[in-house]
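What follows is a short report on a single structure.
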Amino acid sequence: MRVPTVAILTLATLVVWESPEAQAISPSPVPHLADLIVEPTPAETGIRSTAIAQIPLADTVEFPDIISTNAKDLLYTTNVDSQLAIAEKNDSSPIPNSQSPLVTDIQIRFVNNKGETVEGRTRKDFLLGELRLKPGQVFRQEALESDLRRLRRFEFVDKVNVSVNSDSTGVIIIYDIKESRFPSLSFGGGYNEDIGIYGTFGYRDANIGGLNQQLRGRLQVSAKDAQFDVQFTDPYRASEPNRLGYSVRAFRRRTFSRTFGDEIDLPNDDDAREGRFGGSVSVLRSFHDWDAALGLNYTRISIRDDNWRVSPVDELGNPLSLSGQGIDDLVTVSFAVTRDRRDRRLYPSTGSIFSLSTEQSIPIGLGDVLINRLRANYIQYVPVSLVSRGRLTQYPELTEMLAFNLQAGTILGEFPPAEAFNLGGAQNVRGYGGGGVGSGRSYGLASFEYRFPIVWRVGGVVFADFASDFGSGDTVLGEPGPIRDKPGSGFGYGLGLRVRSPFGLIRADFGISDRGENSLEISFGQRF
């Protein structure tokens with residue numbers, strides 16, 4: 001049986017230097033079927049210190065998708081005259097009248113922490129091209145707020161402050177933008193019972209060329225193997241509507257299998273390891289409030305032992321792959337749409353985000369996989385003032401609120417068992433171990449959190465999670481869930497702490513399951 005991972009605290013150095021660039025978040029490339037559940041992305045920390053703490057406390061060495069979530073507070077102030085009427089339409093060739101002031105100028109200024117004007121790295125013509133409200137058009141506050149939401153989607157934007165000045169000729173809009181610092185390098189390491197001592201190197205840049213391009217990657221090396229995940233994205237630009245954005249990604253990772261874990265091992269008594277190798281190419285496009293991505297993806301999935309030898313069956317003779325050889329090839333065409341209405345991308349306090357995705361496989365390679373996977377994910381944030389009583393917290397990470405997350409998904413057709421929806425663990429049902437609730441063809445998940453400030457940089461969370469595979473565990477090839485006594489449905493609840501540190505928001509959740517089990521999970525960022 002698996003022994004808990006021994007982890008050591010590792011430090012990584014953050015190196016920042018000047019580089020012109022910009023980046024809008026059109027949708028992230030469509031997730032692979034390898035990403036077993038539509039999990040809300042934990043927010044990455046907006047790090048300003050020279051060190052990052054990396055604490056690998058999970059029971060597996062995992063390579064999560066590297067997704068940008070670094071935009072911070074959105075500040076909005078105006079000094080528009082209270083008698084200024086707002087036009088109802090924003091026509092490209094408006095007819096001015098006394099009740100419909102025109103926008104005479106839009107200015108972009110870059111500022112530092114002290115509010116002083118500095119030289120920016122982002123191209124101003126790029127930012128102006130991304131705004132919907134243009135000089136010569138009728139001023140509308142709804143359009144201004146829409147442009148603010150558009151600006152906060154850029155990962156290179158740390159803060160935005162807008163002022164609107166009016167005079168006899170019209171209005172002048174001034175955006176003061178504080179940029180995040182890019183690029184960054186990180187170094188770290190640790191120990192894991194599967195691969196032993198390992199080292200990591202990370203690179204991230206969301207400020208290439210001043211045109212909203214991103215390059216991010218991570219390399220992990222140990223005596224047993226090397227894992228990597230690298231991605232380049234050139235997003236869609238509203239200023240160039242006839243040009244599509246694109247993204248290219250390649251990855252290799254090795255983990256303990258959540259589908260085939262627990263009491264049943266491989267024939268040689270090793271725990272099942274799951275290897276994934278592949279890549280994707282996606283094209284990106286935005287339509288008003290919706291971001292869309294169309295991708296072509298390839299993943300080779302293999303089930304292996306401790307020495308990385310392929311294992312077709314477990315110790316009971318149950319198949320571990322659709323091909324019967326322990327290896328399956330998955331080629332898919334994927335499509336996803338997302339509507340983001342959060343007030344800010346990093347640690348939102350109000351608003352929602354909704355996404356839908358579908359992946360259709362093409363029967364090429366080992367396994368001849370022919371399936372379609374459908375997934376949906378909805379998150380809602382509702383501000384409350386039960387503890388804070390209306391007082392604004394200094395730290396947006398600790399804002400008092402109610403947060404809700406609903407997810408659902410299903411797979412049509414015969415699929416590799418490693419592709420089942422795995423329920424249970426820190427990212428869905430806390431209190432259970434990873435994959436401990438079920439491994440099914442379909443699933444539903446509901447999570448609730450009440451977040452509140454406690455003192456200074458510390459906040460608390462009361463949470464409850466429920467998930468079910470809707471009785472679909474026995475429809476997965478080899479029935480990995482039922483033969484491992486996974487219940488198929490599970491409920492977890494508990495308490496958590498959130499600590500704002502120089503390394504980012506530290507999350508500690510103590511969960512209790514409806515089976516009387518409990519677990520303590522420590523990681524970074526909010527659960528969703």
Side-chain angles (χ1 to χ4, degrees), residues 31-43 57-60 62-65 67 255-262 274 353-357 373-381 402-411 417-451 461-473 476 480-481 484 486-496 498 507-515 517-528:
H32 296 276
L33 286 177
D35 306 320
L36 302 183
I37 290 183
V38 184
E39 296 180 353
T41 309
L57 293 179
D59 63 348
T60 63
E62 299 220 10
F63 250 69
D65 287 345
I67 300 179
T255 68
F256 282 112
S257 175
R258 293 192 174 188
T259 304
F260 304 117
D262 297 327
E274 192 173 297
I353 181 169
F354 175 66
S355 65
L356 289 170
S357 69
R373 179 187 289 245
L374 301 168
R375 293 184 286 190
N377 186 21
Y378 177 74
I379 304 174
Q380 178 71 54
Y381 303 96
L402 303 177
F404 304 89
N405 179 213
L406 299 176
Q407 298 181 34
T410 191
I411 304 174
E419 287 296 289
F421 292 111
N422 290 313
L423 306 173
Q427 292 304 317
N428 42 79
V429 184
R430 287 161 284 191
Y432 278 89
V437 173
S439 298
R441 173 185 297 272
S442 303
Y443 85 103
L445 169 68
S447 292
F448 160 80
E449 289 191 353
Y450 167 52
R451 305 171 183 173
V461 173
V462 178
F463 63 83
D465 307 314
F466 173 79
S468 174
D469 66 6
F470 302 122
S472 65
V476 179
R484 288 166 175 79
K486 296 181 181 183
S489 295
F491 174 75
Y493 62 94
L495 300 173
R498 305 292 184 264
R507 168 163 64 105
D509 286 334
F510 179 76
I512 303 172
S513 76
D514 54 353
R515 286 191 161 190
E517 302 170 353
N518 59 74
S519 66
L520 174 64
E521 302 283 352
I522 301 177
S523 58
F524 288 92
Q526 293 285 11
R527 153 74 172 76
F528 59 89

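Bear in mind that the values here come from a model prediction, so they are computed numbers and not experimental data.
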| remark: Tightest non-hydrogen contact, residues Y381 and A403, listed as CD2-CB, 4.0 Å
| query | Checking R373 side chain against E419 main chain: does a donor-acceptor pair fall under 3.5 Å? | reply | yes
| Closest non-hydrogen atom pair between A418 and E274, with its separation | CB-OE1, 3.7 Å
| query | Is the charged tip of R527 near the ring of F463: under 6.0 Å from the six-membered ring centre and within 45° of its axis? | reply | no
| task | Scan side-chain atoms only and decide if Q407 and Y443 contain a donor-acceptor pair under the 3.5 Å cut-off. | result | yes
| query | Can you tell me if S447 uses its side chain to pair, donor with acceptor, with the backbone of N405 under 3.5 Å? | reply | no
| said: A side-chain contact here means heavy atoms from C-beta on lying under 4.5 Å apart; do F260 and R484 qualify? | reply: yes
| task | Indicate yes or no: at least one non-hydrogen side-chain atom of V462 is less than 4.5 angstrom from one of L495. | result | yes
| Residues in side-chain contact (heavy atoms from CB on, under 4.5 Å) with A426, at least two apart? | E521
| task | Kindly compute the distance separating CG (D465) from OH (Y432), expressed to the nearest 0.5 Å. | result | 11.5 Å
| task | Check the pair I411, F421 against side-chain contact (heavy atoms from CB on, under 4.5 Å), reporting the backbone distance first and the verdict last. | result | CA-CA 9 Å; I411 304 174; F421 292 111; 3.7 Å; yes
| query | Can a cation-pi geometry be assigned to R451 and F528, taking NZ or CZ under 6.0 Å from the six-membered ring centre and within 45° of the ring axis? | reply | yes
| field | Donor-acceptor under 3.5 Å (R441 side chain, V476 main chain) | value | no
| field | I512 side chain near Y493 side chain, heavy-atom distance below 4.5 Å | value | yes
| From CG (N422) to NZ (K486), nearest 0.5 Å | 5.5 Å
| request: Considering non-hydrogen atoms only, spot the tightest contact between G431 and S513 and give its length. | output: O-CB, 3.8 Å
| F524 side, atom CZ; R498 side, atom CZ - distance, nearest 0.5 Å | 12.5 Å
| note | On a heavy-atom basis, the closest approach of V437 and G424 is CG2-CA, 3.8 Å
| note | Here the pair of heavy atoms bringing S439 nearest to A420 is C-CB, 4.0 Å
| said: Are L423 and D469 packed together at the side-chain level, in the sense that at least one heavy-atom pair is separated by less than 4.5 angstrom? | reply: yes
